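Written below as structure tokens is the structure these notes are about.
Residue numbering restarts at 1 for every chain, and letters A, B, ... go by the order of the sequence lines. This is a predicted model, so every value here is computed, not measured.
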Number of protein chains: 2
Amino acid sequence: MPRRMDAGATGFAADFAAFLAEDRDNGVDVMGVVRDVLSRVRDEGDAAVLDYTRKFDRVSLTAETMRVTAAEVDAAFAACGADEIAALEVAAARIESFHRRQLPDGFSYTDPEGVELGLRWSAVEAVGLYVPGGLAAYPSSVLMNAMPAKVAGVPRIVMTVPTPDGVLNPLVLAAAKLAGVTEIYRLGGAQAVGALAYGTQTIRPVDKIVGPGNAYVAEAKRQVFGTVGIDSIAGPSEILVVADRDNDPDWIAADLLSQAEHSDDAQSVLITDDADFADAAAAAVERQLAVLPRGAIARQSWEKYGAIITVPALDDAVPLVDQIAPEHLELAVADPEALSAKIRNAGAIFLGRHTPEAVGDYVAGPNHVLPTSRTARFSSGLGVLDFMKRSTLIRCDAASLGRIGPAAVTLAVAEGLDAHARSVAIRLGNGG
Amino acid sequence: MPRRMDAGATGFAADFAAFLAEDRDNGVDVMGVVRDVLSRVRDEGDAAVLDYTRKFDRVSLTAETMRVTAAEVDAAFAACGADEIAALEVAAARIESFHRRQLPDGFSYTDPEGVELGLRWSAVEAVGLYVPGGLAAYPSSVLMNAMPAKVAGVPRIVMTVPTPDGVLNPLVLAAAKLAGVTEIYRLGGAQAVGALAYGTQTIRPVDKIVGPGNAYVAEAKRQVFGTVGIDSIAGPSEILVVADRDNDPDWIAADLLSQAEHSDDAQSVLITDDADFADAAAAAVERQLAVLPRGAIARQSWEKYGAIITVPALDDAVPLVDQIAPEHLELAVADPEALSAKIRNAGAIFLGRHTPEAVGDYVAGPNHVLPTSRTARFSSGLGVLDFMKRSTLIRCDAASLGRIGPAAVTLAVAEGLDAHARSVAIRLGNGG
């Protein structure tokens with residue numbers, strides 16, 4: 001059974017604080033290994049990448065065959081089931097449509113002092129997309145990572161995907177085709193991240209790397225950060241469901257388990273204002289666990305990290321939600337908009353009784369790459385802006401510099417930066 | 001003399017690549033020290049923070065006196081020169097005005113399938129602003145870091161500033177007052193970062209930490225990343241000036257030196273289409289170096305990292321600019337807008353002959369916290385969006401879930417995630 005907490009009970013504050021402080025990151029220390037791999041890839045390029053691929057993925061490639069050809073992508077696409085392609089197309093179109101609305105506007109204006117000011121957005125030139133291979137090869141993740149880059153206008157989208165023992169999921173290639181990926185390489189692990197960041201004889205370097213991966217990939221992204229940009233490092237998945245008594249306990253149990261099945265360190269939390277409903281949902285979870293294909297994993301997650309919290313009234317859930325800052329928040333209540341308006345911290349919010357979180361994982365349109373481990377307090381899900389950057393623009397003429405320049409000179413002198421002051425003053429005719 | 005390169009000469013490509021690859025980061029390894037400081041602050045709170053402050057800043061404080069009172073801030077404000085306060089007020093008003101234009105709009109709409117979709121921006125709840133003390137105590141940095149947070153609507157802006165030997169620059173406090181800082185503590189170093197990230201008995205933790213600092217502060221920010229958000233880690237300052245022959249060499253030299261005076265690892269680069277102008281600018285730099293108060297620092301930067309590159313025509317500068325991806329780009333040419341439109345990578349662009357970079361450091365309005373070390377390829381200067389985050393919203397009803405749900409079920413099954421599929425299917429009436 002997962003832990004039960006009652007927000008009305010004595011000692012709740014301390015229990016809840018301990019719950020928040022719990023670390024689900026059972027990361028292994030792979031820093032040294034990754035440093036060696038990256039350094040060899042940087043020095044030797046293709047040779048190192050091919051060697052590591054032979055060793056870790058048991059596949060012999062050449063500089064030529066490591067790239068997946070357009071013909072291979074087309075063949076994979078043709079090999080997929082028609083239903084699956086149709087579903088991917090629905091997802092791709094809906095993701096594209098939602099993300100197009102995120103395209104930002106720059107601005108430019110002349111202010112009262114005659115200074116022309118502006119802000120301009122531009123797409124990153126080249127992006128690398130890491131896609132896990134083997135068991136965790138998710139075509140939905142290809143769409144969610146590549147479509148925002150495509151919408152942003154990134155001209156070059158490079159995907160790497162390992163092919164352990166030569167196996168490559170055709171749906172992953174189909175998703176890449178739909179999402180506008182421009183190059184694909186059969187590479188994985190820290191060596192793929194190194195190839196994307198530093199470039200090799202065959203692979204030109206990119207400017208930013210995104211996408212999920214195992215501990216080695218996450219550490220490699222951390223280590224190349226600065227040379228290239230990276231997205232956030234994702235932790236285990238989470239769902240927080242706020243539900244009143246008027247829900248079907250089976251529906252809510254299914255939602256809790258849809259995150260618990262991800263991994264044994266995933267976290268599912270239910271907050272409800274009805275203790276009887278809490279019992280009914282807990283019982284429904286037990287019934288469903290017994291028949292779920294990934295029930296063993298889901299049970300570990302539920303028993304170790306799951307929680308059911310009862311609150312006196314639904315509004316009492318708000319401060320708890322903001323402190324948990326969940327990746328996924330379901331509001332299965334009568335007036336979800338009213339409750340949602342009070343909440344500050346959540347990656348994605350699923351409103352009402354007919355919006356299971358899983359619909360957002362695949363086809364709703366918003367991104368499923370979302371902030372985990374309480375980071376929704378300060379960060380956002382992946383979006384178009386993550387593949388763009390801003391330049392600011394300033395233009396003075398002699399008259400407008402005459403108006404604002406003296407204040408700059410005063411501050412530069414106050415800070416002891418005389419060359420700064422002089423570069424303004426010389427144009428005001430009193431510093432040459 | 002700085003290096004000279006000619007884009008028309010044989011071997012230029014290799015020379016330029018080597019120039020780009022040069023690492024100006026002479027960082028010391030402070031990882032272990034910082035880890036110990038953070039861990040003690042986390043465990044002991046106030047006691048550790050006060051102890052480190054005694055040791056590193058030679059100041060004895062208590063939990064009470066470490067906070068700067070409103071009366072102390074007002075007294076500092078009153079002690080500043082009227083000119084300086086007036087200049088700070090000009091700067092604060094202009095920064096606020098430019099940043100207000102960055103406030104983002106969310107959106108919400110119902111799509112053709114009847115799904116309600118939305119995106120909502122909200123401010124981070126609490127931000128920590130690290131301000132260096134002593135020599136590098138820059139009131140302009142206080143404005144540039146705090147004003148975007150204020151404009152974003154951050155309710156709690158906490159500043160820490162060390163007071164080595166008890167010294168605190170009154171202009172820094174005056175800037176904090178103008179910028180809407182809500183709490184100030186006399187703390188610095190890794191211990192201040194730890195106090196902001198983990199909280200102590202006296203200081204409530206924040207959600208994001210921004211602001212410049214020495215190697216210890218930068219490493220502390222790296223280590224607390226994840227617990228809190230951080231801004232980018234700034235490298236040494238840079239300027240790239242593209243100038244034609246019709247400039248006064250003294251003006252351009254002054255601009256090159258305005259960055260070189262920052263530190264001996266700063267970098268100033270001139271690109272010009274006229275070799276005679278290159279010589280004239282180089283000579284002007286030498287003349288000004290001889291009389292500059294910070295001439296010794298500026299000379300080291302200029303001779304070690306400075307460069308003058310001649311190009312056949314101004315348009316040939318564009319690919320070089322994009323590869324350098326400068327923090328500051330000055331376009332001192334006849335038609336700067338035309339040249340600017342061709343450039344993808346630059347933190348801030350200063351257009352025309354009357355826009356010295358230093359005017360942007362203080363009063364123009366755009367932020368002076370900008371991406372360094374080629375990171376303008378994938379990142380942006382500090383702005384309002386850095387103090388906000390997005391939540392996405394999805395609402396289905398039975399009918400709209402009926403339309404998009406089946407594709408989600410297909411993809412979940414294809415990915416082997418049956419609990420995901422089930423949470424949708426159960427609501428479609430075929431999964432219970």
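- Using a 4.5 Å cut-off between heavy atoms, B/Thr375 contacts chain A through its side chain alone, with no backbone atom that close.
- In terms of heavy-atom pairs under 4.5 angstrom with chain A, the leader among B/Phe387, B/Phe225, B/Tyr362 is B/Tyr362.
- For B/Asp111, the part sitting under 4.5 Å from any heavy atom of chain A is the side chain, from C-beta outward, and nothing else.
- A pairwise comparison of heavy atoms in A/Phe98 and B/Gly118 identifies CZ-O, 3.5 Å as the closest pair.
- Among B/Ser232, B/Gly352, B/Gly405, B/Ala346, the residue making the largest number of heavy-atom pairs under 4.5 Å with chain A is B/Ala346.
- Proximity to chain A (any heavy atom under 4.5 Å) is restricted, for B/Asp386, to the side chain, taken from C-beta onward.
- When each of A/Thr410, A/Val413, A/Val127 is checked for heavy-atom pairs under 4.5 Å with chain B, A/Thr410 comes out on top.
- Residue A/Leu385 touches chain B through its side chain alone, counting heavy-atom pairs closer than 4.5 Å.
- Chain A forms more heavy-atom pairs under 4.5 Å with one residue of B/Arg120, B/Gln288, B/Lys208 than with any other, namely B/Arg120.
- Residues A/Gly360 and B/Ile394 approach most closely at CA-CD1, 3.9 Å, considering heavy atoms.
- When the candidates B/Ala421, B/Ala253, B/Pro293 are compared by the number of heavy-atom contacts under 4.5 Å with chain A, B/Pro293 comes out ahead.
- The candidate from A/Pro356, A/Gly229, A/Gly347, A/Ala364 with the greatest count of non-hydrogen atom pairs under 4.5 Å with chain B is A/Pro356.
- Legend: residues meeting side chain to side chain donor-acceptor pair (under 3.5 Å) with B/Ser140, ordered by chain and number and at least two apart, are A/Glu415.
- In this structure, chain A has a heavy atom under 4.5 Å from the side chain of B/Phe107, while its backbone stays farther away.
- Both the backbone and the side chain of B/Leu411 come within contact range of chain A, with heavy atoms under 4.5 Å apart.
- Proximity to chain A is limited to the backbone of B/Val206, based on heavy atoms less than 4.5 angstrom apart.
- Contact count versus chain A (heavy atoms, under 4.5 Å) is highest, among B/Ala298, B/Gly365, B/Ala123, B/Gly416, for B/Ala123.
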>> Using the rule given for side-chain contact (heavy atoms from CB on, under 4.5 Å), can you reason through B/Gln102 versus A/Leu119, listing the C-alpha separation, both sets of side-chain angles and the distance that settles it, and then say yes or no?
In response: CA-CA 9 Å; B/Gln102 297 175 28; A/Leu119 182 150; 3.9 Å; yes

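- To the nearest 0.5 Å, atoms CG (B/Asn367) and OG1 (A/Thr392) are separated by 8.0 Å.
- Residue contact with chain A, scored on non-hydrogen atoms closer than 4.5 Å, is absent for B/Arg374.
- Heavy atoms of A/Pro139 lying under 4.5 Å from chain B belong to its backbone as well as its side chain.
- B/Cys396 and A/Thr355 get closest at one heavy-atom pair: N-OG1, 2.8 Å.
- Residues B/Glu125 and A/Asn345 are in side-chain contact: their nearest non-hydrogen atoms beyond the backbone lie under 4.5 Å apart.
- Note that OG of B/Ser379 and CZ of A/Arg390 are 9.5 Å apart. Values are rounded to the nearest 0.5 Å.
- Contact of B/Ser122 with chain A is made through the side chain alone, with heavy-atom distances under 4.5 Å.
- Each of A/Leu329, A/Val359, A/Asp83, A/Ile404 has some count of heavy-atom pairs under 4.5 Å with chain B, and the biggest count is that of A/Ile404.
- Counting heavy-atom pairs under 4.5 Å between each of A/Val90, A/Asp255, A/Ile252, A/Asp248 and chain B puts A/Asp255 at the top.
- B/Arg94 has its side chain within reach of A/Leu117: a pair of non-hydrogen atoms, C-beta onward, lies under 4.5 Å apart.
- Taking B/Ala254, B/Ala398, B/Ala376 one by one and counting their heavy-atom pairs under 4.5 Å with chain A, the maximum is reached by B/Ala398.
- Contact annotation for B/Ala126: neither backbone nor side-chain heavy atoms come within less than 4.5 Å of a heavy atom of chain A.
- The part of B/Arg353 that comes within reach of chain A is its backbone (N, CA, C, O), which places non-hydrogen atoms under 4.5 angstrom from that chain.
- Neither the backbone nor the side chain of B/Pro104 comes within less than 4.5 Å of any heavy atom of chain A.
- Neither the backbone nor the side chain of B/Glu89 comes within contact range of chain A; no heavy atom of the residue lies under 4.5 Å from a heavy atom of that chain.
- Only the side chain of B/Leu401 comes within less than 4.5 Å of a heavy atom of chain A; its backbone N, CA, C and O stay farther away.
- For the atom pair CG of B/Asp207 and CZ of A/Arg344, the computed distance is 8.5 Å after rounding to the nearest 0.5 Å.
- Of all the heavy atoms in A/Thr227 and B/Arg377, the pair that sits closest is O-NH2, 2.5 Å.
- B/Tyr138 approaches A/Leu417 most closely through the heavy-atom pair OH-CD2, 3.9 Å.
- Looking at A/Ala412, the atoms closer than 4.5 Å to chain B (heavy atoms on both sides) sit in the backbone and in the side chain alike.
- Summarising the geometry of B/Ser423 relative to A/Ser258, their closest heavy-atom pair is OG-CB, 4.1 Å, with the distance given to 0.1 Å.
- Considering only heavy-atom pairs separated by less than 4.5 Å from chain B, the leading option among A/Ala325, A/Gly383, A/Ala260, A/Ala358 is A/Ala358.
- Between chain B and the options A/Pro406, A/Ser373, A/Ala91, A/Pro336, the largest number of non-hydrogen pairs under 4.5 Å is found for A/Pro336.
- Using cut-offs of 30° and 60° for the angle between ring planes, the A/His262 and B/His420 rings count as perpendicular.
- Put simply, CG on B/Leu257 and CG on A/Asp418 are 12.0 Å apart, with the number rounded to the nearest 0.5 Å.
- B/Ser340 touches chain A through backbone and side chain together, each having a heavy atom under 4.5 Å away.
- The salt bridge (charged side-chain N to carboxylate O under 4.0 Å, His left out) analysis of residues 392-401 of chain B, with sequence neighbours excluded, yields the pairs A/Glu337-B/Arg395.
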